Amino acid sequence: MTDDDDPGTDTADDDGTRSRARSRTDERGRIRITGFEADRVRDRDSLSEWGDEAAGGTNGGTAAGMDGRWRRGLRRFGRNRSAMTALAVVVSMALVSLLARPVEVLGVVVQPFALAPYDPTTILYLSVDPSVSPYDPPSWRFPMGVDGSGRDLFSRVLVGGRYSISIGFVVVGLTASFGLAYGAIAGYYGGVVDEVMMRIVDVVFAFPGLVLALVVVATLGGGYWQLVIAFSLFGWAGYARLVRGEVLSIAEREYVVAAKAIGARDRAVIRRHVAPNALSPLVVLASLNVGSVVIGVAALGFLGLGMDPGTAEWGTMLDATRETLIQGPGGRIPWWATVYPGGAIFVFVLAMNVIGDGINDALDARAAGVREGKRRREADRGGDES
Amino acid sequence: MSDSAEPVLRVEGLKTHYDSTDGFLDRLFGRSRRVRAVDGVDFELREGETLGVVGESGCGKTTLARSVLRLIEPTAGSVYHRGEDLTALSSAELRDRRTDLQYVFQDPLSSLNPRLTAGDVVGEPLDVHGLATGSERDERVRELLETVGLNANYADRYPHEFSGGQQQRLGIARALAVEPEVIVCDEPVSALDASVQSQVLNLLSDLQEEFGLSYVFIAHDLRVVEHVSDRVAVMYLGEFVERGPTDAVFEPPHHPYTEALLSAIPEPDPLWDGDGIRLTGTVPSPIDPPDGCRFHTRCPRLVPDANSDLPADVWRSVAALARRAASADDVTSLTATRGADDRTARLGESTRRSGGSSPRSDPATGSGPTEASRETFGGLVREEFDLPETLPDADAEETLGEAIDALYDDRIGTAATLLEPAFTSPCERHHPPEYEVGVDHGIACLRYDDGFDEEAGTFEEGAEPAGSV
Ligand code: SF4
């Protein structure tokens with residue numbers, strides 16, 4: 001309700017209040033000077049000291065409060081069954097791909113496990129079993145069949161996750177942090193700074209992201225870090241725009257004025273009131289974007305522009321078997337050569353999106369579930385009868 | 001009340017103007033428009049008292065409240081707190097001062113960060129000023145919550161989980177945390193239900209008693225202000241038009257604006273004779289406030305010109321016509337359009353007969369009155385401004401007749417120039433200063449000037465105040 005309500009529009013329903021107000025008017029004088037009650041203040045101080053002694057000083061109450069907020073979000077996320085399932089899927093895919101083959105750093109084995117039975121580059125009929133031929137269907141020995149070059153698909157799908165998943169997270173990490181800084185600066189300083197920075201973002205947005213990535217990869221050549229660069233170079237623009245919009249609107253909010261009225265400094269206002277409220281949409285966007293980066297990497301791979309041909313990366317694997325989609329040797333279609341890598345991409349991206357939605361729900365403090373709604377109604381009913 | 005005491009807060013000539021230039025093009029072409037939201041306000045706030053500030057929406061109350069605490073930077077003027085000018089303080093000094101001066105917002109929910117728990121909201125001022133840490137802080141937070149009538153166990157709930165009244169209590173607790181002297185309350189109850197309003201008001205007055213607080217209490221609701229205030233200031237278009245002790249302001253003599261506000265209070269009440277003075281129109285834009293007395297465009301007690309022999313209310317009606325003609329760009333807005341009215345309905349029929357059968361010429365729909373006959377048109381204009389068939393004064397009637405002729409020919413400008421010299425009020429020429437009408441009671445209205453003749457209802461020849469426009 002705003003103050004353009006005509007004072008004359010209130011009708012008889014608040015008669016009780018008004019008559020009470022009227023009778024209290026006689027006592028108008030009672031809220032005159034009673035002096036600044038220093039006694040009261042002293043009382044309060046000693047009370048506080050007593051509390052301090054009793055419980056022992058634990059500082060960082062603020063930090064605890066902030067933790068509480070995230071803890072509550074975490075709890076809400078934990079109750080979200082589909083998000084938890086998706087998280088389990090992503091974590092296990094990441095773990096499996098990590099444990100698929102031993103990892104060596106500078107000749108030292110740091111990860112000795114090998115879940116995949118074969119090295120992803122091993123050509124089975126040369127070094128393992130001459131009876132294996134390309135495009136052998138799935139069997140007990142090769143659960144996902146054999147690809148066109150006679151390599152074990154199961155091993156390749158497991159190891160392939162290393163590339164796809166890590167590129168997704170690395171790219172999102174880089175772009176989101178840069179976008180956060182960029183957008184916050186633009187939104188906070190506003191004016192000309194904002195104008196110039198956002199025009200740059202507009203230019204980036206004028207091109208489809210995948211085309212830009214394609215140009216970069218075509219220029220720099222394929223490879224892991226080239227892919228990271230290709231997707232990071234222009235991927236931050238979305239975050240920047242999102243954060244800038246959030247910061248702009250948050251800076252206008254009344255609770256920011258309230259924080260200033262309390263006497264908080266600008267830095268504290270931004271850290272405590274502006275940034276946290278801008279952060280959660282960023283986290284949501286980031287978690288949703290991991291999936292699209294993975295798809296983008298796969299798409300470049302499928303176009304033959306991602307990793308070197310023959311690399312066990314999901315998109316590149318699809319590319320290698322592209323021609324078999326129509327008709328394989330001998331008139332049959334070796335569906336396993338495309339379905340398993342494609343399925344891996346699909347499951348991972350779907351899981352990431354479900355996680356993103358889950359984070360969105362968990363971080364939105366205002367998304368009142370049934371429980372909160374009920375509590376609020378109770379508060380409405382009982383709270384003001386004090 | 002100790003009148004001699006040094007006021008806690010003294011505001012002198014406070015002005016807050018800002019540019020309402022929106023968009024890059026406006027800035028490029030220098031099309032800047034100054035909004036004079038607060039335009040020269042003075043007041044004193046004494047220790048332990050409540051100063052109520054009333055006014056319609058758009059009169060600059062919120063800007064005033066925020067300018068006093070420099071949440072909006074004032075353009076000119078000074079705010080003295082305990083003798084020190086807040087407008088001269090550096091931002092660091094000002095931050096320290098905020099432990100003495102606090103603010104309560106109109107909309108409790110939007111003033112609370114949705115991501116902070118009640119405990120953090122109330123604890124933040126303690127952290128900012130390093131007033132308490134650790135378990136001392138937690139203890140203080142619980143105590144503050146209980147002080148404002150909230151359950152201390154609600155400390156880890158979020159603002160949206162509270163009811164509106166509880167949210168406002170939370171806002172009050174936050175303001176109390178620094179143990180301030182002065183709290184500026186910007187319509188603290190107008191967003192709340194009537195039943196909750198009185199609870200929050202009672203809380204505020206209990207806190208005042210307990211902690212010796214002084215309030216600047218902004219509201220648009222006179223009942224609320226009467227209930228809480230020791231002194232009242234009535235604000236109109238960025239200025240105070242009347243100030244004084246609550247009883248004095250609520251009893252005659254009144255500023256015409258205060259009178260109109262009071263008569264708009266609905267309840268039949270022995271204290272006020274609800275003579276139903278209605279304020280027409282809305283608050284004019286503060287971008288280009290009216291000359292002279294800012295209230296003259298709506299004033300029901302506008303002072304007639306000394307040379308006029310018309311009865312005051314007829315004179316005011318013609319003056320209203322003159323003013324509307326000067327600003328209107330369409331004759332339709334100067335004619336009666338009330339279709340439900342019997343007389344208008346009849347007029348409508350005659351118009352249809354004489355002005356063609358097109359429904360667009362029906363004055364009841366407000367379109368095409370100039371297609372009506374001259375008499376009908378004159379009738380419509382007179383009806384809109386409540387003028388009699390003929391004015392009692394022959395000269396005036398002649399001028400009015402000519403003006404209506406001009407309007408009928410769609411020459412609004414000519415009509416305005418005809419009417420203007422004959423129907424300009426002293427109120428349009430002079431900006432009224434504040435006249436003392438009682439102890440500590442000032443009214444900014446020319447009717448309280450010494451030269452004003454109560455009997456004649458106007459100024460004697462040559463007795464007009466010399467004040468400038
Ligand atoms: S000065 Fe004139 S216009 Fe202003 S309030 Fe008084 S009578 Fe009305």
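To find a chain, count down the sequence lines: A is the first, B the second, and so on, and within it residues start at 1. Note that the structure is predicted; figures quoted are calculated from it, not measured.
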query: Under 3.5 Å, is there a donor-acceptor pair between the A/Glu254 and B/Ser110 side chains?
result: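 The answer is yes; a qualifying pair exists.
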
- request: Answer yes or no: is there a side-chain heavy-atom contact under 4.5 Å between A/Tyr255 and B/Pro159?
  value: no

task: Taking the side chain as every heavy atom from C-beta outward, state whether B/Tyr103 and A/Val257 have any atom pair closer than 4.5 Å.
output: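 No, side chains not in contact.
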
Candidate pair A/Arg272 and B/Asn113, rule side-chain contact (heavy atoms from CB on, under 4.5 Å), full reasoning: CA-CA 9 Å; A/Arg272 195 174 163 91; B/Asn113 187 338; 5.6 Å; no

field: Heavy-atom pair of closest approach, residues A/Ala258 and B/Ser111
entry: CB-O, 3.7 Å

- prompt: Of the non-hydrogen atoms in B/His129 and A/Ile262, which two are nearest, and what is the gap between them?
  reply: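 Closest approach of B/His129 to A/Ile262: NE2-O, 2.6 Å.
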
task: Please check if the side chain of B/Arg98 supplies one atom and the backbone of A/Lys260 the other of a donor-acceptor pair under 3.5 Å.
output: yes

query: Quick one: does B/Gln102's side chain have a donor or acceptor within less than 3.5 Å of a partner on A/Ala261's backbone?
result: yes

Portion of [X] that has a non-hydrogen atom of chain A nearer than 4.5 angstrom:
X        : answer
B/Asp96  : neither
B/Arg70  : neither
B/Leu112 : backbone
B/Arg97  : neither

task: Return yes when atom CZ of A/Arg265 has more than 12 non-hydrogen atoms of other residues, nucleotides or ligands closer than 6.0 Å, and no otherwise.
output: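 No - once you tally the heavy atoms of other residues, nucleotides and ligands closer than 6.0 Å, there are 12 at most.
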
